[in-house]
Amino acid sequence: MAKVLLFGRFADVAGWREKTIEAATLADLRTALSADPHLAEALAGPSVQVAVDKALVRADIALTAASEVAFLPPMSGG
Amino acid sequence: MSVTLQSAPFDPGQLLSRFSVGRDETGAIASFTGLARAERGQTTALELEAYEGFTDAEIAKAVNAAIHRFGLQDAVVVHRIGAIAPGEAIVFVATAAPHRRAAFEACDHLMDWLKSRAPFWKKEHGPDGARWIEPTDRDRTDAGRWDTPFDTPASQAAQDDDK
């Protein structure tokens, strides 16, 4: 279970910005999100970053009900 | 040091006045104000999205690094989020140092970082619709000016040894 946040064009692609999704790990969460092929394709793009509880992560990680997972498109700068 | 993300417009003159008060050991304050461009009518509004609690923390890290690197006494960043109309200020940066070179360079450096590496997502609204935009090659090149030799751990250590 995790609170999932989508930023930038990811939210436009998915049609939602915030959702609670059942997943024990980040890998499970990615699998659940890939039910939407457009979102799966967007998340697989270059320079996409993932933050768990506001810290960038590269490897798989266990999630709890309190976890906040953010999918960040390439950052555009201010 | 302070970093503020806000949706309300701000007055850069007022921010600069407030930042300048009570600095009897500061010889130099440099500031920069970035405004939203209309691009000859092609941009009717900018929409800037941030991840609150993450974006501000990343900017604070960059500001603290700049304070250390340039020997600043203080620095402030105010950045708009949400919808921004052409002509409105998007970003304000001010740096305080004993002498002008550090203040100028730190301000320039922070702006290059903010324009290319700060975690914002920017959408441009125009007569033909809206599109997400990414940093230009120029923004990346500008930011890259500051990458050597300071940002590599080995040269950082060598630089520290020289002190």
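As a basis for the values below, the full set of heavy atoms in this structure was taken, side chains included, without hydrogen atoms, waters or symmetry mates.
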Nearest atoms (heavy-atom pairs only) where Glu52(B) meets Lys54(A): O-CE, 3.2 Å
Minimal non-hydrogen separation, Ala70(A) against Tyr51(B), with atom names: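 The pair with the smallest heavy-atom distance is CB-CE2, 3.3 Å.
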Between [X] and [Y], is there a shared hydrophobic cluster once you connect ILVMFWY residues whose side-chain heavy atoms come closer than 4.5 Å?
| X | Y | value |
| --- | --- | --- |
| Val3(B) | Ile29(B) | no |
| Leu56(A) | Leu43(A) | no |
| Val48(A) | Leu39(A) | yes |
| Phe10(A) | Ile81(B) | no |

Test item: Pro73(A) and Trp121(B) side chains (from C-beta on) under 4.5 Å apart, heavy atoms: yes
Is the number of heavy atoms from other residues, nucleotides or ligands under 6.0 Å of [X] [atom1] greater than 12?
| X | atom1 | answer |
| --- | --- | --- |
| Gln6(B) | CD | yes |
| Arg37(B) | CZ | no |
| Phe104(B) | CZ | no |

Hey, what do you get for [atom1] ([X]) to [atom2] ([Y]), rounding to the nearest 0.5 Å?
| X | Y | atom1 | atom2 | value |
| --- | --- | --- | --- | --- |
| Lys115(B) | Ser76(A) | NZ | OG | 8.5 Å |
| Glu49(B) | Leu72(A) | CD | CG | 10.0 Å |
| Ile133(B) | Arg9(A) | CD1 | CZ | 13.0 Å |

Interchain contact, Ala143(B) with chain A, by part (heavy-atom threshold 4.5 Å): neither
Which atoms of Lys123(B) approach chain A - backbone, side chain, both or neither, heavy atom under 4.5 Å: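 The side chain, not the backbone.
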Worked verdict on Phe120(B) versus Met75(A) for side-chain contact (heavy atoms from CB on, under 4.5 Å): CA-CA 6 Å; Phe120(B) 288 105; Met75(A) 295 163 184; over 6 Å; no
